[in-house]
**Student:** 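Sharing a structure, written as structure tokens. Questions coming.
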Protein chains: 4
Amino acid sequence: MPKETFFNLPAEKRDLIIKVVTDEFAAFNYEQASVNRIVTNAGISKGSLYQYFEDKRDIYQYLIDLMTKEKVKYVSPVMQNPEDHDIFTLIRELYVSGLRFVLENPKFGAIGKRFMEIKNSVVYDEIMHGNRDAANQFFRILLEKAVDKGEIRSDLDIPMFAYMIGAMNTQMIEYFTDFETFEDDDKLLETVDIFIEFLKNGIEA
Amino acid sequence: MPKETFFNLPAEKRDLIIKVVTDEFAAFNYEQASVNRIVTNAGISKGSLYQYFEDKRDIYQYLIDLMTKEKVKYVSPVMQNPEDHDIFTLIRELYVSGLRFVLENPKFGAIGKRFMEIKNSVVYDEIMHGNRDAANQFFRILLEKAVDKGEIRSDLDIPMFAYMIGAMNTQMIEYFTDFETFEDDDKLLETVDIFIEFLKNGIEA
Amino acid sequence: MPKETFFNLPAEKRDLIIKVVTDEFAAFNYEQASVNRIVTNAGISKGSLYQYFEDKRDIYQYLIDLMTKEKVKYVSPVMQNPEDHDIFTLIRELYVSGLRFVLENPKFGAIGKRFMEIKNSVVYDEIMHGNRDAANQFFRILLEKAVDKGEIRSDLDIPMFAYMIGAMNTQMIEYFTDFETFEDDDKLLETVDIFIEFLKNGIEA
Amino acid sequence: MPKETFFNLPAEKRDLIIKVVTDEFAAFNYEQASVNRIVTNAGISKGSLYQYFEDKRDIYQYLIDLMTKEKVKYVSPVMQNPEDHDIFTLIRELYVSGLRFVLENPKFGAIGKRFMEIKNSVVYDEIMHGNRDAANQFFRILLEKAVDKGEIRSDLDIPMFAYMIGAMNTQMIEYFTDFETFEDDDKLLETVDIFIEFLKNGIEA
DNA sequence: CATGAATGAGCTTTCATTCAT
DNA sequence: CATGAATGAAAGCTCATTCAT
């Protein structure tokens, strides 16, 4: 968490710093990102930066938190009453929100990718502080309930499929970031629908 | 490629160096890996290491090559006549060989994971020398042929599914490396079969 | 060019660094000069030196610039209106200023000598940034004008004599640095006058 | 001096080594010259080279000696009876032989230039072992005798002119190596004659 | 709240020389 | 006489972090 001083800053300055930091961690992964470059680009002194943040990790942490907060905005209203919908609708909404998020926030997309690059590092664990497999948990519960409701087959390896369904979302995002691009939102929805249908065929009861 | 001197070394010493280097690149990614640590752990002088290898990248390259060579051994005989088998059999063999490889060579598994961490770096490209998405290509052709043979639906987004099928293999490997473990080979085969069935349901014609 | 930080330093510290650097490049040529030795002798940390200067070349560049600036102070007022004087007067002034400069700044003399040792290197060219034979050009024009004014013979190989007259100055400086010494300024002037007379006899019209 | 082993070598091998060493010290100065490169280019082992020569300096020494021996061959027969000729004839012969030597042995020319680059180093002194200013001595005696014979003015600063006349030869060689080139031997002689006349006008009695 | 100089362990790489075989 | 593996000090340079002002 940034120190109090950071939040006492005039919004303009704070926003500039956030912008610079965002650019830095979008262009470089955690290790390659440079505190020197940040202060230079933000036009502030090193000492100042260290009065706003504990250390490099803290800066990163803050950025990832910001990204997470932003991502939440994309979560479909459908997710507010998950029990009202079948699992395929829910997964569809998750995929769509995930894709829309990175398409509308390409820098966050890049940061997310860079973040994944350090998935095996201490820093990653620290930033996720134990939530490492929160997504896993979420999908696991989703699948378990779907089994109960008879929506999907009961003989699946739930933990594995939970992991895979989460991972597929990430992978699909990487695919569309790296190799393809959506012409418009309709195309995006269509693509997701095809994939959801694929999933459905694969696992439905 | 290591220099001649490396191959002239007594096997024992060479193996020790390989072991130390393997450990280093299993524990750290390319950037974090330290030549200093390697020479210390191998009990050799800095000068010696640089008489065996051109530079750090050369060491890494050699290790990745070694891994690739080892991995090839796991490729199923089925893959020698791919046209004799349907796509699901082929994908199954690929998944099985991939999983077996990392389960029987956990250090290589770690190295492979670390290697993926630098997927967006120059070093990665250099080591892959342009073959960056050879896997993608492979799966694309596989899918195209399967469409021709009427094994899978013709309305799929081939490039995307090619990417996803490759990625799923990697993800499954990561899952079993990080969270689960196979009791025995039967369990492994069973797991893969479930997944292949899932795939089959999803995309077969 | 040193970074801003260098010029922000207390004069005392800056002067100490300049002194140490001067000594280093007076005692060793560019390659043999050691950044390690500089920081040790200056009693500063490596990191600090690299906050003052870009790199080793930057340190050297700065020193050569300093020397050049200092040398300019020695240039005779006579040179401000070159057309008011005959060529022998001008050459005399140049020789005198060159000699006085190194005699009064022996360290710069040493640095100049060391600088000449790398005359065929890339670093030399970079530091001179293309002005490699500015001196040659200068003397060439001087000689051409003198031919026009009928001060010297018109059958001379101008480029060669231009080169030689410049070189003789350097050589004379080396001679008095290495083997001889002037008792006083009168002796210096006398010596130069003898040499100029020699030159005059040799080339005047 | 090379060790006995070097001279026991088959002439062919010895010559190859000499050629490689010549190329190395023509292309690089003493410091930059690399023992590694020499053994590689000569196709011999490091151990062997160190059985032929004491160390790097010894190799260099040997090469400079070889060059000196070769240079002697160019000395005009006129120099065998110096007292039969006036000083200007003698100097002329020296200049001509010096120029011819480097023109016909460009590699030695390069080596000579590289050798001059370390004029202020310990290695230079060691290689010249005290003969540092043998050339100076030579010209000094020449000038003294010429004064006695009434060939040149008696009021000259003999040591300085001795130094300068030697240096001019070197400088002229550098000029023709770096900037100009002789069409033929006639042109060379003509150029030297012009310079000698210049000298003559300058210092004759 | 701002500053920016100071730090120093760490990085990868080079090289002439030795010596056991 | 030939070999070539071993050496290790030294090179130039980077970087997140601290702290006195």
Side-chain angles (χ1 to χ4, degrees), chain A residues 3-6 8-10 13 30-40 43-59, chain B residues 3-6 8-10 13 31-39 43-59, chain C residues 3-6 8-10 13-14 31-39 43-59, chain D residues 3-6 8-10 13 31-40 43-59:
Chain A
K3 302 180 190 170
E4 233 191 289
T5 50
F6 182 61
N8 292 343
L9 245 36
K13 189 166 189 178
Y30 179 71
E31 283 150 31
Q32 293 166 325
S34 154
V35 173
N36 265 315
R37 215 158 25 210
I38 289 172
V39 297
T40 302
I44 60 174
S45 73
K46 250 180 228 191
S48 290
L49 189 67
Y50 277 88
Q51 279 199 319
Y52 308 147
F53 298 95
E54 292 291 343
D55 51 23
K56 190 182 175 184
R57 210 186 53 68
D58 191 31
I59 304 173
Chain B
K3 301 181 191 170
E4 233 190 292
T5 50
F6 182 63
N8 292 342
L9 244 38
K13 190 166 190 175
E31 281 151 30
Q32 292 169 321
S34 156
V35 173
N36 274 329
R37 213 157 29 208
I38 290 172
V39 297
I44 61 174
S45 72
K46 241 172 260 199
S48 289
L49 189 65
Y50 278 89
Q51 278 202 316
Y52 307 149
F53 298 95
E54 293 289 346
D55 50 23
K56 190 182 175 184
R57 212 184 56 71
D58 192 32
I59 304 174
Chain C
K3 301 180 191 170
E4 234 190 291
T5 50
F6 182 63
N8 293 340
L9 243 38
K13 190 166 190 177
R14 209 168 52 226
E31 283 152 29
Q32 292 168 322
S34 156
V35 172
N36 274 326
R37 211 157 31 208
I38 289 171
V39 297
I44 60 175
S45 71
K46 235 173 268 196
S48 289
L49 189 65
Y50 277 91
Q51 277 201 316
Y52 307 148
F53 297 96
E54 291 291 344
D55 50 23
K56 189 183 175 184
R57 212 184 58 71
D58 192 31
I59 304 174
Chain D
K3 302 179 187 171
E4 233 190 288
T5 49
F6 181 62
N8 292 342
L9 245 36
K13 190 166 189 176
E31 282 148 32
Q32 292 167 325
S34 154
V35 173
N36 266 314
R37 214 158 26 209
I38 289 171
V39 296
T40 302
I44 61 174
S45 73
K46 251 181 229 192
S48 291
L49 191 66
Y50 277 89
Q51 281 199 318
Y52 308 148
F53 298 95
E54 292 291 344
D55 51 23
K56 192 182 176 185
R57 209 186 53 69
D58 192 29
I59 304 174

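Below, chains carry the letters A, B, ... as their sequence lines are ordered, and counting in each starts from 1. Bear in mind that the values here come from a model prediction, so they are computed numbers and not experimental data.
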**Student:** Any idea which heavy atoms bring A:V39 and A:N36 closest together, and the distance?
**Tutor:** CG2-O, 3.0 Å

**Student:** Distances under 3.5 Å only, N/O to N/O: pair up the protein atoms with those of nucleotides 15-18 of chain E.
**Tutor:**
{"unit_1": "E:dA16", "atom_1": "OP1", "unit_2": "D:A33", "atom_2": "O", "d": "3.0"}
{"unit_1": "E:dA16", "atom_1": "OP1", "unit_2": "D:K56", "atom_2": "NZ", "d": "3.4"}
{"unit_1": "E:dA16", "atom_1": "OP2", "unit_2": "D:V35", "atom_2": "N", "d": "3.2"}
{"unit_1": "E:dT17", "atom_1": "OP2", "unit_2": "D:Y50", "atom_2": "OH", "d": "2.8"}
{"unit_1": "E:dT17", "atom_1": "OP2", "unit_2": "D:K56", "atom_2": "N", "d": "2.9"}
{"unit_1": "E:dT17", "atom_1": "O4", "unit_2": "D:K46", "atom_2": "NZ", "d": "3.3"}

**Student:** Rounded to whole angstrom units, what separation is found between the CD1 atom of C:I59 and the C1' atom of F:dG12?
**Tutor:** 10 Å

**Student:** Measure from CD1 on A:I38 to P on F:dA16 and round the result to the nearest Å.
**Tutor:** 8 Å

**Student:** Once Watson-Crick and G-U wobble pairs under 3.5 Å are found, how is DNA chain E written in dot-bracket notation, 5' to 3', with | for any base paired to another strand?
**Tutor:** .||||||||||||||||||||

**Student:** Between C:N8 and E:dG4, does any side-chain N or O lie under 4.0 Å from OP1 or OP2?
**Tutor:** no

**Student:** Okay, side chain of A:Y30, backbone of A:R57: is any donor-acceptor separation there less than 3.5 Å?
**Tutor:** yes

**Student:** Report the distance from atom CD1 of C:I44 to atom OH of C:Y50, rounding to the nearest 0.5 Å.
**Tutor:** 11.0 Å

**Student:** Would you mind reading off the distance between D:L9 atom CG and F:dC1 atom C1', rounded to a whole angstrom?
**Tutor:** 9 Å

**Student:** Knowing that exactly one of D:I59, D:D58, D:L9 qualifies, which makes a side chain to side chain contact (heavy atoms under 4.5 Å, CB included) with D:Y52?
**Tutor:** D:L9

**Student:** Testing the basics here: between D:Q32 and D:R37, what is the closest heavy-atom pair and its distance to 0.1 Å?
**Tutor:** O-NH2, 3.1 Å

**Student:** Just to be sure I understand the rule, does B:F53 reach a base, reach only the sugar-phosphate, or reach nothing, if contact means heavy atoms closer than 4.0 Å?
**Tutor:** nothing

**Student:** Nearest 0.5 Å, please: how far is CG in D:L49 from CD1 in D:I38?
**Tutor:** 6.5 Å

**Student:** Of all heavy-atom pairs between A:K56 and A:E31, which one has the smallest distance, and what is that distance?
**Tutor:** NZ-O, 3.2 Å

**Student:** Do B:K46 side-chain atoms and B:V35 backbone N/O form a donor-acceptor pair below 3.5 Å?
**Tutor:** no

**Student:** Rounded to whole angstrom units, what separation is found between the CD1 atom of C:I44 and the C1' atom of E:dA9?
**Tutor:** 17 Å

**Student:** Let me know the distance between CD of B:E4 and C1' of F:dG4, rounded to the nearest Å.
**Tutor:** 10 Å

**Student:** So what does A:K13 hit on the nucleic acid, given a heavy-atom distance under 4.0 Å: a base, only sugar-phosphate, or nothing?
**Tutor:** sugar-phosphate

**Student:** For E:dG4, does OP1 or OP2 lie under 4.0 Å from any side-chain N or O of A:S45?
**Tutor:** no

**Student:** Could you tell me how far apart A:L49 (CG) and F:dC15 (C1') are, to the nearest whole angstrom?
**Tutor:** 14 Å

**Student:** If you measure from OG on D:S45 to CD on D:Q51, what distance do you get to the nearest 0.5 Å?
**Tutor:** 8.0 Å

